[in-house]
Amino acid sequence: MKKIFLIKHAKGALGLRIFGLGPNFKPTRGLLKLQRFLNKNAFWAKNRSINDLRKSLANSDAIISLWNGNEIVGFGRALSDGIFRAVLWDIVIDKNHQGKGYGKLIVNNLLNSRKLKNTKKIYLMTTNKKLFYSQIDFKEVTTQSLLIREL
């Protein structure tokens, strides 16, 4: 196995979003690899267009990616107002790399990022990883309801 690289992208992930950069600032077709990675590993993130991925990265405050050589094996991003609220999005670990602590590594790096580290409440939604997130001090909320509006 190759060395795992953790990349703490700058706000908007310009290198990944525009130039497709991966570890060591080398061109790796990173955005295309991110798209394929999400298609393979996240049923709720399938079929996102390259353009939509660019927009989501451009508008994200904290972005973390994990690479095994030139292949992406983990990803997560977050949005925040920097004080009151933040939301974690798209926390995904490749199926072949789960159970190695990479999910916690991504979440902890997001939580400790400049924009999130002093935020009072951090939200996330999960379909089937409640147990995983409870290990990182996230708690199920029964006093609020999740509402959604879809286009």
Side-chain angles (χ1 to χ4, degrees), residues 1-23 26-81 85-113 115-116 119 121-141 144-151:
M1 180 187 290
K2 299 174 181 163
K3 181 179 177 180
I4 298 292
F5 286 92
L6 181 138
I7 300 176
K8 298 178 186 181
H9 297 273
K11 179 178 168 62
L14 186 68
L16 177 62
R17 180 170 45 94
I18 302 297
F19 302 109
L21 301 181
K26 292 183 180 173
T28 61
R29 299 180 53 150
L31 198 57
L32 180 61
K33 288 183 179 183
L34 176 60
Q35 181 188 45
R36 290 178 181 160
F37 168 77
L38 292 173
N39 280 340
K40 177 184 171 193
N41 293 286
F43 70 89
W44 38 263
K46 282 185 187 255
N47 302 316
R48 291 182 177 176
S49 72
I50 291 291
N51 195 41
D52 285 348
L53 285 173
R54 274 196 186 103
K55 287 178 187 176
S56 71
L57 291 172
N59 292 301
S60 295
D61 295 305
I63 302 150
I64 304 290
S65 61
L66 282 178
W67 297 76
N68 183 9
N70 285 333
E71 294 304 316
I72 190 165
V73 296
F75 180 78
R77 64 187 186 93
L79 293 103
S80 178
D81 62 17
R85 302 289 185 269
V87 182
L88 302 185
W89 297 108
D90 300 335
I91 311 296
V92 182
I93 302 298
D94 182 88
K95 293 171 181 132
N96 296 323
H97 288 84
Q98 291 180 2
K100 299 177 182 178
Y102 297 147
K104 287 181 184 177
L105 184 64
I106 287 175
V107 171
N108 287 330
N109 273 276
L110 288 170
L111 295 175
N112 290 312
S113 67
K115 192 78 182 242
L116 275 75
T119 304
K121 285 190 180 183
I122 300 176
Y123 296 87
L124 67 86
M125 289 169 271
T126 184
T127 303
N128 53 21
K129 297 293 183 186
K130 192 173 12 176
L131 182 61
F132 167 76
Y133 289 109
S134 68
Q135 297 170 21
I136 319 172
D137 296 328
F138 282 88
K139 296 178 181 25
E140 187 171 7
V141 176
Q144 294 179 315
S145 296
L146 172 66
L147 305 175
I148 191 167
R149 177 179 176 250
E150 296 187 72
L151 298 178

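Nearest heavy atoms, Trp67 versus Gly22: CZ2-CA, 4.0 Å. What you find for Leu116 and Ala62 is that their closest heavy atoms are CD1-CB, 4.2 Å. Contact detail for Ile93 and Asn41: the closest heavy-atom pair is O-OD1, 4.1 Å. Of all non-hydrogen atoms in Ile91 and Tyr133, the two that sit nearest each other are CB-OH, 3.2 Å. Here the closest non-hydrogen pair linking Ile122 and Phe138 is O-CE2, 3.5 Å. The two residues Tyr123 and Gln144 have their closest heavy-atom pair at CE2-OE1, 3.9 Å.
Counting non-hydrogen atoms of other residues, nucleotides and ligands closer than 6.0 Å to CZ of Arg85 gives a total above 12. The neighbour count for Trp89 CH2, taken as heavy atoms of other residues, nucleotides or ligands under 6.0 Å away, does not exceed 12.
Counting only distance, with no hydrogens or angles, the side chain of Thr28 and the backbone of Glu71 share no donor-acceptor pair below 3.5 Å. Using a distance-only test at 3.5 Å, with no hydrogens or angles considered, no donor-acceptor pair links the side chain of Asp90 to the main chain of Arg77. The main-chain N or O of Gly12 is found under 3.5 Å from a side-chain atom of Arg17 such that the two form a donor-acceptor pair. Looking only at distances, a side-chain donor or acceptor of Lys95 sits under 3.5 Å from a matching main-chain atom of Lys40.
Within the model, atoms CG of Leu34 and CZ of Phe75 stand 5.0 Å from one another, a figure rounded to the nearest 0.5 Å. Leu16 contributes atom CG, which lies 8.0 Å from atom CG of Leu21 (distance to the nearest 0.5 angstrom). To the nearest 0.5 angstrom, Phe5 atom CZ is 9.0 Å from Asn70 atom CG. Once rounded to the nearest 0.5 Å, the distance linking CG of Asn59 with NZ of Lys11 reads 7.5 Å. The CD1 atom of Ile7 sits 8.0 Å away from atom CD1 of Ile72, with the distance rounded to the nearest 0.5 Å. Of the inter-residue distances, the one linking His9 atom NE2 with Ser65 atom OG reads 2.5 Å to the nearest 0.5 angstrom.
Side-chain contact between Ile4 and Leu105 is absent, with no heavy-atom pair separated by less than 4.5 Å.
The aromatic rings of His97 and Tyr102 lie tilted to each other, with the angle between the two planes from 30° to 60°.
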Full working for side-chain contact (heavy atoms from CB on, under 4.5 Å) between Val107 and Leu124: CA-CA 11 Å; Val107 171; Leu124 67 86; over 6 Å; no

Step-by-step side-chain contact (heavy atoms from CB on, under 4.5 Å) determination, Asp94 to Asn68: CA-CA 11 Å; Asp94 182 88; Asn68 183 9; over 6 Å; no

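Taking the ring centre of Phe43 as origin, the terminal cationic atom of Lys46 falls outside the region bounded by 6.0 Å and 45° from the ring axis.
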